[in-house]
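These numbers come from the heavy atoms of this one structure, side chains and all, not from hydrogens, waters or symmetry mates. Residue numbers begin at 1 in each chain, while the letters A, B, ... track the order of the sequences.
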Amino acid sequence: MQYYLAKTDPDTYSIDDFERDGVTIWDGVHNYAALIAIKAWRIGDRVLIYHSQGETTIAGVAEVIGEPYKDPHDARGISWVAKLKFIKKFSPDSRVTLKDIKTSSLFADFALVKQGRLSTMSCPKTFIDWLHEQGVNC
DNA sequence: GCCAACGTTGGC
DNA sequence: GCCAACGTTGGC
């Protein structure tokens, strides 16, 4: 089971929207490097849902429940999408922030820090271990 | 194939 | 709301 991270602008689609929907098709990813991550998603993998606006935080967790497929609505045939199930959201005052991740200085090589505009990425195991140490139940 | 111009994203 | 970073596009 692999961990990934997916960014979303909470003004467009927040963890609360996701909680309400329960299941969603994760779409809107067009960037080549980000698509590599989506295409690698497999059923049972976990995806950390990250808010990329406002307080930049890890807001919750999702699970991949459908194999990725080409976005039928993308005229150019570039984008891929996959079905995600809402698992949990973290209470707003206990969320791990981008600042926390940066100040830990352990993850300077992590794409979240190094490649600011990448919208989906895989998470190194060291990062997940660190999250667990922070008390993040993911 | 290169690179300038342009558009978009994300962080603040 | 602004702007830096950087990915993408288009002209050559």
Side-chain angles (χ1 to χ4, degrees):
Chain A
M1 193 264 284
Q2 294 286 325
Y3 280 92
Y4 296 88
L5 182 146
K7 294 180 179 176
T8 182
D9 175 355
D11 293 335
T12 306
Y13 194 78
S14 70
I15 193 72
D16 296 316
D17 296 325
F18 189 13
E19 182 179 37
R20 181 201 60 218
D21 292 347
V23 168
T24 195
I25 302 294
W26 203 263
D27 60 8
V29 178
H30 310 291
N31 172 276
Y32 175 76
L35 285 167
I36 290 174
I38 286 211
K39 289 178 187 177
W41 289 1
R42 293 295 172 262
I43 291 169
D45 286 347
R46 293 219 155 179
V47 181
L48 303 173
I49 304 300
Y50 173 90
H51 279 174
S52 63
Q53 298 291 321
E55 274 251 41
T56 48
T57 61
I58 296 173
V61 190
E63 184 179 327
V64 179
I65 59 166
E67 295 288 334
Y69 58 95
K70 267 194 176 180
D71 183 356
H73 304 295
D74 174 29
R76 295 197 300 164
I78 295 170
S79 294
W80 284 56
V81 300
K83 193 182 273 190
L84 295 184
K85 182 176 76 173
F86 173 87
I87 300 290
K88 69 173 68 168
K89 78 175 175 192
F90 303 119
S91 74
D93 52 358
S94 73
R95 288 175 187 169
V96 167
T97 66
L98 178 62
K99 203 176 161 207
D100 294 334
I101 295 163
K102 282 182 173 171
T103 46
S104 84
S105 78
L106 293 168
F107 307 110
D109 280 343
F110 183 22
L112 184 67
V113 175
K114 201 176 189 179
Q115 224 176 322
R117 294 181 54 192
L118 191 63
S119 61
T120 59
M121 65 201 76
S122 62
C123 296
K125 184 171 184 306
T126 49
F127 177 65
I128 301 303
D129 291 344
W130 178 82
L131 282 180
H132 290 155
E133 282 168 26
Q134 307 304 303
V136 177
N137 183 13
C138 65

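- If you check the side chains of A:Ser79 and A:His30, you find a donor sitting under 3.5 Å from an acceptor.
- Looking at which nucleotide of DNA chain C each of A:Lys114 and A:Ile78 is closest to, the 5′-most match is held by A:Lys114.
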Do nucleotides 6-12 of chain B as a string where each nucleotide becomes B, S or -: B if the base has a protein heavy atom under 4.0 Å, S if just the sugar-phosphate does, - if no protein is that close. -BBBBBB

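- Between the NZ atom in A:Lys85 and the CG atom in A:Asp21 there is a gap of 15.0 Å [rounded to 0.5 Å].
- The existence of a salt bridge linking A:Arg95 and A:Glu55 is excluded, since no basic side-chain nitrogen approaches an acidic carboxylate oxygen closer than 4.0 Å.
- Counted by atom type alone, A:Thr97 and A:Asp100 present one or more donor-acceptor pairs between their side chains at under 3.5 Å.
- Taken to the nearest 0.5 Å, the CG atom of A:Leu112 stands 5.0 Å off from the CD1 atom of A:Ile101.
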